[in-house]
Structures are given as C-alpha cells and as structure tokens.
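So that the names make sense, note that chain A is the first sequence line, chain B the second, and so on, each numbered from 1.
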2 protein chains.
Amino acid sequence: MNKSIEKLITTTQALLWERGYVGTSPRAIQDRAGVGQGSMYHHFRTKAELAQAAEERSAAELIEEVRALLDAPGDPLDRVLTYLRRERDVLKGCRIGRLAADPEVVADPALRKPLEHAFGWITERLAALLREAQDCGRLPQEWDAQSLAATVLAVIQGGYVLARAANSPAPFEQAIEGLIALLTNNATAED
Amino acid sequence: MNKSIEKLITTTQALLWERGYVGTSPRAIQDRAGVGQGSMYHHFRTKAELAQAAEERSAAELIEEVRALLDAPGDPLDRVLTYLRRERDVLKGCRIGRLAADPEVVADPALRKPLEHAFGWITERLAALLREAQDCGRLPQEWDAQSLAATVLAVIQGGYVLARAANSPAPFEQAIEGLIALLTNNATAED
DNA sequence: GTCTATACCCGGATAGAC
DNA sequence: GTCTATCCGGGTATAGAC
C-alpha cells in the first residue's frame with residue numbers, strides 16, 4: 001500500500017547510517033527514494049519526524065539481530081563471545097551509535113529515545129547473560145554484571161570509532177580480542 | 001601577532017568538538033571568532049584547510065594531556081587506572097573521536113590523519129605501560145598488550161557514545177568500572 | 001497523494017576595494 | 001590583512017494545482 005512511506009523510511013535509515021542526522025537532507029532522501037517533495041511532506045511533516053520513524057525502525061532491527069544471537073542455546077558466556085565475534089561491516093560503524101555524535105539528536109528527546117532504548121535493551125540482556133555466567137562459575141561472583149555489560153557494549157562502540165579513525169578494521173578486532181582475553185582468562189579459581 | 005589566525009583555530013577546535021565537521025560552517029566560525037569573511041579566507045583557503053589546522057592542534061593537546069598522566073611516576077598498571085578514572089566532561093565526548101563519525105573526515109586523508117595519529121599514539125603508550133605491568137606480574141604474560149591497549153581506549157570512546165545516547169554519564173562510568181574490575185581481578189596466580 | 005512553484009536563509013566560496 | 005559585494009546551489013520547508 002504505502003510504498004512511498006516504506007521507501008522513505010528505509011532510505012532515511014540508510015542515509016542516517018551513512019551521513020548522520022545533520023548530514024542527511026530531505027532532498028537527498030527524496031532523490032534516493034525516488035519520492036517527490038510533495039509526497040514526502042504529505043506523509044511526514046518535518047525532517048525530524050521522518051528521522052524519528054527511521055530511527056525507531058533501525059533500533060528495532062538492531063535489537064532483533066542481537067536478540068537472535070544472545071537467545072541462542074548454549075553456555076551463556078559463549079553466547080556473549082559469539083556476539084562479540086559476530087561479523088560486522090566495521091568501517092560502516094553502528095547505525096545507532098553513529099547518531100549519538102549528533103548534537104541535534106542528543107538534544108531532542110524524540111530523536112534520542114531510540115538510541116537510549118536500543119542500548120538500554122542490549123545492556124540489560126548482556127547483564128542477564130553475564131549473571132548466568134557467574135552462576136555457572138565462569139566469571140567471578142564479585143564482578144558487577146551491569147558494569148561489565150556496559151564495558152562489553154562500550155568496547156564494540158569504541159572499536160567502531162577507532163576503526164574509522166584508522167580507516168581499518170584492525171583496531172576494532174584488537175579491542176574485541178583484548179576483551180575476550182579479559183573475560184576468559186580470569187580468576188575463576190573458586191571452582 | 002596573528003591574533004586572527006589564533007582565534008580562528010581555537011574557535012574551529014571548539015566548534016568541531018561541539019558540532020563535528022559537517023555541522024561546522026565557515027560563517028559560524030567567523031561569527032564566534034569575531035573575524036571577518038575576508039580575513040578568514042585570507043589565512044585559510046578552504047574550510048577543510050582550517051579544520052585540518054584545528055584538528056592537528058586538538059590532537060596535539062590531547063596527546064599532551066594523556067602523556068602527562070601516563071608518564072607520571074608510580075606503578076604502571078596504576079597509571080593506566082588513573083588515566084581511566086581521569087575527570088572528564090563525559091557528555092561532551094571526545095574532541096578527536098567525535099570526528100570519526102563524520103564521513104567527510106574519514107574520507108579525506110588530511111582530515112583523518114590527526115585522528116589516526118592521536119589514537120595510534122595513545123594506543124602505543126598504553127601498550128608499553130601494559131607490557132611493563134606484565135613484567136611486574138600485575139597482568140598475565142599471555143595477554144597481548146597491544147590488543148589490551150585497544151580495548152582500554154575503546155572502552156573510553158564507546159563509553160562516550162553510550163553516555164550521549166543515554167544523556168547521562170552513568171554508562172560511561174559503569175563501562176570504566178567494569179574494565180577496571182577485569183584488569184585488577186585477574187589470574188596473576190603465577191607469582 | 002503527488003506535482004510544481006515559490007520562498008528565504010545558509011554554505012562555501014570568489015573578486016576587488018581599502 | 002580586512003572589508004564589502006556578489007555568486008550559485010542546497011536546506012527546509014509552504015502553497016496551491018492536479
């Protein structure tokens with residue numbers, strides 16, 4: 001039915017990922033979507049409104065992808081490691097994290113909310129798994145699972161930053177390997 | 001002497017930090033610097049040229065600040081921890097890392113170089129300290145210091161991303177505390 | 001719903017006077 | 001060195017016709 005609406009949203013998702021919020025103009029969206037000016041402004045009153053719809057879709061998609069990985073069967077810590085080693089287009093960065101650089105996104109609650117929601121969800125899910133890993137004796141009980149979950153997500157997000165700065169995926173991969181060493185070679189002497 | 005040049009560079013540094021490269025216009029620089037159009041284009045032929053000068057200055061300043069912390073006397077691992085706990089305006093993000101989100105910066109070698117240089121320098125310095133910590137027996141010898149250094153820097157950069165997304169310094173602080181737990185509660189049973 | 005026209009200011013300069 | 005004038009296209013819409 002609403003082919004235009006659909007095309008506008010997916011196109012905006014792609015442009016926000018590539019160029020961020022300030023870097024994405026209504027005209028660029030229209031051109032790439034093949035949708036006219038009048039049509040776009042008929043369905044979305046402002047650029048911010050369309051961006052919000054696109055962000056919400058991207059956040060939902062990211063959550064679904066991560067959920068699929070983290071809900072797999074198997075040892076909890078291994079699932080976290082699988083998530084860390086997941087294949088990624090590193091130099092492209094994170095479709096959600098990228099937007100946190102944009103002051104207009106951070107300043108507008110409606111534009112910031114999808115980021116907060118996606119990262120909040122992922123952190124909670126990781127924390128639950130890390131707690132399970134503690135219960136299995138694979139991680140020390142005295143560690144704070146919530147903090148550790150933030151660390152895991154931060155390594156990924158920071159890895160993207162370092163990779164783009166170096167124009168190479170290498171720093172991302174090193175950061176991940178360093179974290180895996182920290183998580184797997186620890187004082188589980190309790191068992 | 002060249003008060004104008006100086007004012008243009010420091011103003012551009014501030015605007016790049018706040019708004020990134022695409023988000024910073026020559027006009028905004030001129031207005032905030034109190035320098036006219038003609039003057040600005042007399043000293044810098046393009047926006048990119050001025051941005052490059054500003055980036056180089058910011059990279060040098062960041063390196064100096066980190067050097068001061070990491071060259072302090074004392075135990076090597078403790079110096080890394082001090083660096084991690086350093087006071088920061090978390091929601092402002094990193095003046096260098098922020099620019100890695102910008103596709104125009106990543107695509108232009110002259111604009112990307114200061115980022116690569118700053119992060120490369122910090123990673124090397126951290127790796128050297130972590131190697132010292134291994135020699136002191138405070139970290140397992142089998143860990144790769146280079147990877148670990150990338151992890152440390154990634155946690156900081158990723159922490160900024162999570163904090164801005166949440167509009168709160170909390171995730172940054174959690175990520176740091178999680179990393180400190182990982183670095184200090186490890187299998188140093190070898191000694 | 002979609003199209004075209006119009007508007008107004010900004011981005012990123014260039015040219016030439018002072 | 002700095003100022004003012006000028007330029008051309010893009011950003012972000014709004015208005016009204018079809």
Side-chain angles (χ1 to χ4, degrees), chain A residues 1-55 98-99 101-112, chain B residues 1-57 98-99 101-112:
Chain A
M1 295 236 20
N2 266 310
K3 272 278 179 44
S4 291
I5 295 184
E6 201 52 29
K7 198 75 181 95
L8 284 167
I9 291 179
T10 57
T11 301
T12 304
Q13 286 183 272
L15 281 168
L16 287 178
W17 195 345
E18 289 170 28
R19 322 201 24 82
Y21 182 76
V22 255
T24 297
S25 71
R27 268 148 125 107
I29 295 168
Q30 292 149 207
D31 291 353
R32 196 187 285 196
V35 169
Q37 185 96 321
S39 182
M40 181 188 130
Y41 279 105
H42 175 73
H43 297 298
F44 298 93
R45 292 183 30 216
T46 63
K47 165 182 164 177
E49 199 173 284
L50 173 51
Q52 193 189 333
E55 284 185 11
R98 197 256 163 264
L99 299 169
D102 219 310
E104 304 201 30
V105 169
V106 173
D108 181 340
L111 293 177
R112 191 176 57 74
Chain B
M1 300 257 48
N2 264 312
K3 271 279 178 45
S4 290
I5 295 184
E6 200 53 28
K7 198 75 181 95
L8 284 167
I9 291 180
T10 57
T11 301
T12 304
Q13 286 183 272
L15 281 168
L16 288 178
W17 195 345
E18 288 170 29
R19 322 202 24 84
Y21 183 75
V22 253
T24 297
S25 70
R27 271 150 125 105
I29 295 168
Q30 292 150 207
D31 290 353
R32 195 187 286 196
V35 170
Q37 186 96 322
S39 182
M40 181 189 130
Y41 279 105
H42 174 73
H43 296 298
F44 299 93
R45 293 184 28 215
T46 63
K47 166 182 163 177
E49 198 173 288
L50 172 50
Q52 193 189 333
E55 284 184 11
E56 282 164 3
R57 173 95 51 107
R98 198 257 163 264
L99 298 168
D102 219 311
E104 304 201 29
V105 169
V106 173
D108 181 339
L111 292 177
R112 192 177 57 74

Item checked: Residue that, paired with B:L50, satisfies side chain to side chain contact (heavy atoms under 4.5 Å, CB included) out of B:I9, B:T24, B:T11 -> B:I9
Item checked: Whole angstrom value for the distance that separates P of D:dG10 from CZ of A:R19 -> 13 Å
Next item on the list: Identify, residue by residue, the members of residues 25-36 of chain B with a heavy atom below 4.0 Å from DNA chain C, and return them in order of residue number, or none.
Entry: B:S25, B:P26, B:R27
Next item on the list: Give the rounded distance in Å between these two atoms: CG of B:L8 and C1' of D:dT2.
Entry: 12 Å
Next item on the list: Could you please name the option among D:dT2, C:dG12, D:dT12 that lies closest to any side-chain atom of B:Y41?
Entry: C:dG12
Next item on the list: Among D:dA13, D:dG1, C:dG1, find the nucleotide with the atom closest to the side chain of A:H43.
Entry: C:dG1
Check: How close or far is atom C1' of C:dA5 from atom CD of A:Q37, stated in whole angstroms?
Finding: 11 Å
Notebook entry, point to check: Side chains of A:F44 and A:P26: closer than 4.5 Å at any heavy-atom pair?
Noted result: no
Check: Whole Å only: how far is the CZ atom of A:R45 from the C1' atom of D:dA15?
Finding: 16 Å
Item checked: Given B:T10, B:N2, B:L8, the one that forms side chain to side chain contact (heavy atoms under 4.5 Å, CB included) with B:E6 -> B:T10
Next item on the list: Could you go through the side chain to side chain contact (heavy atoms under 4.5 Å, CB included) check for A:V35 and A:H43 one step at a time?
Entry: CA-CA 11 Å; A:V35 169; A:H43 297 298; 6.0 Å; no
Check: A:S39 side chain N/O closer than 4.0 Å to the phosphate oxygens (OP1, OP2) of C:dC3?
Finding: no
Next item on the list: Could you check A:A48 against B:G38 and say which one's nearest nucleotide on DNA chain D is further toward the 5' end?
Entry: B:G38
Next item on the list: Without swapping roles, check the side chain of B:D102 against the backbone of B:Y21 for a donor-acceptor pair under 3.5 Å.
Entry: yes
Check: How many angstroms lie between CG in A:L99 and CH2 in A:W17, if you round to the nearest 0.5 Å?
Finding: 11.0 Å
Checklist line | Whole angstrom value for the distance that separates C1' of C:dT2 from CZ of A:F44 | finding: 15 Å
Note to self: If the helix axis at each end comes from five base pairs, how far does the helix from C:dG1-D:dC18 to C:dC18-D:dG1 deviate from straight, to 10°?
What the structure shows: 0°
Next item on the list: May I ask you to decide whether A:E104 forms a salt bridge with A:K47, counting only side-chain N to carboxylate O separations under 4.0 Å?
Entry: no
Next item on the list: Round to the nearest Å and state the distance from B:M40 atom CE to C:dA13 atom C1'.
Entry: 9 Å
Check: Measuring from B:Q30:CD to B:S25:OG, what's the distance to the nearest 0.5 Å?
Finding: 8.0 Å
Checklist line | Test item: A:R19 side-chain N/O and B:P103 main-chain N/O as donor-acceptor pair under 3.5 Å | finding: no
Notebook entry, point to check: So, is B:H42 near the phosphate of D:dC3, with a side-chain N or O under 4.0 Å from OP1 or OP2?
Noted result: no
Item checked: Separation of atom CD in A:E49 from atom P in D:dT12, rounded to whole Å -> 15 Å
Note to self: Whether B:T46 contacts C:dG12 is assessed here as follows: a side-chain N or O lying under 4.0 Å from the phosphate OP1 or OP2. Is that the case?
What the structure shows: no
